[in-house]
Number of protein chains: 2
Amino acid sequence: MASGRSAGRVRLQDVADLAGVSMKTVSNVVHDYEHVSATMRDKVQAAIDELGYRPNLTARRLATGKTGMIALAIPEIDQFYFAEMARHIGEEAGRRGYRILVEQTLNDVEAERAVIRDREEGLVDGVIFQPARIDTLEIARLRPGTPLVLLGEAARPVNTDHVMIDNTRAARDGVEMLLRAGRKRIAFLATVRGDITESTHLRLLGYQEALLAAGIGLDATLVLQTDGFALEDGVDAISAAISAGVEFDAVLCRDDLFAMAAVRGLEIAGRRVPADVSVLGWDDTAVARYSTPALSSISPDKRAIAATALSLLEDRMNGYDGTGRHEIVPHSIAERATT
Amino acid sequence: MASGRSAGRVRLQDVADLAGVSMKTVSNVVHDYEHVSATMRDKVQAAIDELGYRPNLTARRLATGKTGMIALAIPEIDQFYFAEMARHIGEEAGRRGYRILVEQTLNDVEAERAVIRDREEGLVDGVIFQPARIDTLEIARLRPGTPLVLLGEAARPVNTDHVMIDNTRAARDGVEMLLRAGRKRIAFLATVRGDITESTHLRLLGYQEALLAAGIGLDATLVLQTDGFALEDGVDAISAAISAGVEFDAVLCRDDLFAMAAVRGLEIAGRRVPADVSVLGWDDTAVARYSTPALSSISPDKRAIAATALSLLEDRMNGYDGTGRHEIVPHSIAERATT
DNA sequence: ACGCTAATCTATAGCGCTGTAAATGTCAAT
DNA sequence: ATTGACATTTACAGCGCTATAGATTAGCGT
């Protein structure tokens, strides 16, 4: 009751003084070091409890050189895919004894450069970074001192670790599934006009490969372009295609948001999903499950991405200094109501 | 080119040695201290550049006692509402010079206790915490040493700062809007059977107040219960009510997820939204905009919540030690296609 | 020149912890 | 008893930075 816990200012030395032992012994007790006698352990623990001692992590870090923290740098935490990745990475990191510092780059080039350049040190032990604006070359050039693992397909310098799914293969799988279901004319939604990202490019490639492999000629009018990344842009693109008389009985979409846009655009035009047109999304985020009708979606194994990224990063943090490793993580297709 | 930057191990002292000055002078240059001569500044900066010096934040923290970090403890980062709050808090924190450490409690009581109890020190300067399981009394009892601001309505001990919207009022506003639109029998979805949370309780209260104020008697069958928090549970509750013959022409929902569930359940039953039944969600998350039809939703001002929480927290971090302040933040109603 | 204030710069003691090396204690086997 | 071989405990030097107090230099009026 009369414990004068003055604002948590109890130091290891205070505990040591009270218990009449050395600082190191107290430290040993705190860390459950095995070679401490039971008597000693009890005596020290009593002192710790009496004073309400709580270790100062900053000091511990300075002494050990480890922070126990990992930065997760992503464009926007409130985008479904990133939110889900953040969750998995957070859980996986927790399991391995790390905490997550979230850094939002907000699609800003300067913010992304800052992540790589890391102007300060000792903040985190490593960084998991999904670039959106910065390109491969620039990442290679700004090569940071802090261990780094990249996510996504937008950039992958040979000298840096990187985790991704096989986008081309996944797109091919999606198209093949649609073909097996009897679809003949499959559209691809959507590449933002004049701003085709690397991942969209890979997906488009797989789309084309699958069609060619099935002996179906490419039709450029089936690659639908949008004016932006918003839902409305996707709806507009679908509507435009329909009123332009483009015929299609399936749409492979670049992400779930555009899949929702496709569904909406088709409904507006009076087409039934999936009776008239199948829609296949990408990322398999929660909205795919929640929207009506529930979206079928190409599903990257997010848990595996998180686990793999953490493993690569842990290697680096433990001193591994070899060349970049590029891990391919499995994907599947979650079939729901739109195919 | 020939800079031997050996793994960022350059210390302040190294720079000082190279420049032939004291550590403190280098420190002054790094911090843009005004009383440093131009010559000196240039000389030191040259040494900094040559060695590629980057300050070690951990050491700085130990010396200053400030970490520049704020913990954000929320149940799950991938729930729409929390993801959006995380974004706003992240942005606002960035503006004020803080970084965000995300701590997922995953609805685990022990994890929530750990947040309050903070077993360690010096990790963050303050904590923003949205409790989900832990109750008011327990928070008051575990009263931590680290500055704390609570979010949400599940708990609010008098001695702790707290930010929320006026839930009762918001529910009343929602019901009044539905009544103005001519709706007569308004249902409330949903309280999980046997697990009514404090915020649901407040919302239910506002729902009842508005009905009574309009001279409409309460009908217990209009308060729909679910078996869980998943979308399907909401759909089931709506379906059950319909097949039990409960008549209603509007549904006020506890959150956007249940609003989507309501829409789906109504569609299954062949009811048109909003022609036959209006649906009003809560939280105004991105899914409200994206789902078809787009959900009308009660909209807490998330940006204001973030800004207010950070302000209260900054006060505390700057030494304010008065009694708990309870800030009410504005809300509005985003009208879309379901009302 | 001299004294005085203000501007600059330096030396060094921490911040609270861990790691290392060394000291001490213990116990079974000579 | 004496000796190893361990188990247990201690002392203290850092980790890299900031802050304080003091030393030095500069500027200026008389």
Side-chain angles (χ1 to χ4, degrees), chain A residues 5-45 47-48 51-68 118-125 145, chain B residues 5-45 47-48 51-68 118-125 145:
Chain A
R5 85 148 68 182
S6 53
R9 314 211 92 282
V10 184
R11 292 161 4 258
L12 204 53
Q13 184 65 67
D14 299 327
V15 178
D17 289 349
L18 179 64
V21 300
S22 76
M23 277 204 303
K24 184 71 218 226
T25 297
V26 179
S27 173
N28 285 154
V29 170
V30 169
H31 287 280
D32 276 324
Y33 179 63
E34 60 174 334
H35 297 304
V36 177
S37 68
T39 353
M40 181 61 88
R41 191 179 301 277
D42 292 347
K43 183 167 67 175
V44 171
Q45 189 59 53
I48 288 176
L51 295 176
Y53 169 74
R54 276 148 50 229
N56 179 317
L57 288 193
T58 302
R60 182 180 291 171
R61 278 167 194 176
L62 184 57
T64 60
K66 313 241 117 248
T67 69
D118 67 343
R119 307 194 52 67
E120 293 148 338
E121 202 153 288
L123 181 64
V124 295
D125 296 334
Chain B
R5 81 149 69 180
S6 52
R9 314 211 93 285
V10 184
R11 290 158 9 252
L12 204 52
Q13 184 65 68
D14 300 325
V15 179
D17 290 348
L18 179 64
V21 300
S22 77
M23 277 203 302
K24 183 69 220 230
T25 297
V26 179
S27 174
N28 285 155
V29 171
V30 169
H31 287 282
D32 276 322
Y33 178 64
E34 60 174 333
H35 295 306
V36 177
S37 68
T39 353
M40 182 59 89
R41 193 180 298 277
D42 292 348
K43 183 167 69 175
V44 171
Q45 188 59 53
I48 289 176
L51 295 176
Y53 170 74
R54 275 145 53 226
N56 180 317
L57 289 191
T58 304
R60 182 180 293 170
R61 278 165 193 178
L62 182 57
T64 60
K66 311 241 115 252
T67 70
D118 68 342
R119 305 194 52 68
E120 294 146 340
E121 201 155 286
L123 181 63
V124 295
D125 296 333

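Chain letters run A, B, ... following the sequence lines, proteins first, then strands; residues in each count from 1.
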Checklist entry - Looking at the side chain of B:Val21, which of C:dT10, C:dG16, C:dT18 is the nearest nucleotide? => result C:dT10
Item to check | Donor-acceptor pair, side chain of A:Thr64 and main chain of A:Arg60, under 3.5 angstrom | outcome: yes
Next on the checklist: With the threshold set at under 4.0 Å for non-hydrogen atoms, list the residues of residues 13-20 of chain A touching DNA chain C in residue-number order.
Outcome noted: none
Checklist entry - How many Å lie between NZ on B:Lys43 and P on C:dT8, as a whole number? => result 15 Å
Next on the checklist: Below the 4.0 Å mark, does C:dG16 have OP1 or OP2 next to a side-chain nitrogen or oxygen of A:Arg9?
Outcome noted: yes
Checklist outcome for this item: Rounded to whole Å, the NZ-C1' distance (A:Lys24 to C:dA22) equals 13 Å
Item to check | Atom pair NZ (A:Lys43) and OG1 (A:Thr25), whose distance is rounded to the nearest 0.5 Å | outcome: 9.0 Å
Item to check | B:Thr58: partners by side chain to side chain donor-acceptor pair (under 3.5 Å), with sequence neighbours left out | outcome: none
Checklist entry - Separation of B:Leu12 atom CG from C:dT10 atom C1', in whole Å? => result 13 Å
Next on the checklist: Contact list please: residues 57-66 of chain B against DNA chain D, heavy atoms, distance less than 4.0 Å, in numerical order.
Outcome noted: B:Ala59, B:Arg60, B:Ala63, B:Thr64
Item to check | A:Asp125 to A:Gly65 - nearest heavy-atom pair and separation | outcome: OD1-O, 4.3 Å
Checklist entry - Just by distance, do the side chain of B:Arg61 and the backbone of B:Thr67 share a donor-acceptor pair under 3.5 Å? => result yes
Checklist entry - Which atom names give the shortest non-hydrogen contact between B:Ala47 and B:Ala19, and what distance separates them? => result CB-CB, 3.9 Å
Checklist entry - Can you tell me how far CG of A:Leu12 sits from OH of A:Tyr53, rounded to the nearest 0.5 angstrom? => result 4.5 Å
Checklist outcome for this item: The first and last nucleotides of DNA chain D lying within contact of chain B, meaning any atom under 4.0 Å from one of its heavy atoms, run from D:dG16 to D:dT20
Checklist entry - Which residues in residues 26-37 of chain A have at least one heavy atom lying under 4.0 Å from any atom of DNA chain D? => result A:His35, A:Val36, A:Ser37
Item to check | Passing candidate, side-chain contact (heavy atoms from CB on, under 4.5 Å) with B:Val21, options B:Asn28, B:Val29, B:Val15, B:Val44 | outcome: B:Val44
Checklist entry - Got a second to check how far A:Gln13's CD is from A:Met23's CE, nearest 0.5 Å? => result 5.0 Å
Checklist entry - So how far is it from B:Arg11 CZ to B:Asn56 CG, rounded to the nearest 0.5 Å? => result 11.0 Å
Under 3.5 Å, side-chain donor or acceptor atoms of residues 34-41 of chain A against the rest of the protein: list the pairs with distances, not counting sequence neighbours.
| unit_1 | atom_1 | unit_2 | atom_2 | d |
| --- | --- | --- | --- | --- |
| A:Ser37 | OG | A:Met40 | N | 3.4 |
| A:Arg41 | NH2 | A:Tyr33 | O | 3.1 |

Checklist entry - Between atom CG of B:Asp17 and atom CG of B:Leu51, what is the distance when rounded to the nearest 0.5 Å? => result 9.5 Å
Item to check | Most 5' of A:Met23 and B:Met40 on DNA chain C, judged by nearest nucleotide | outcome: B:Met40
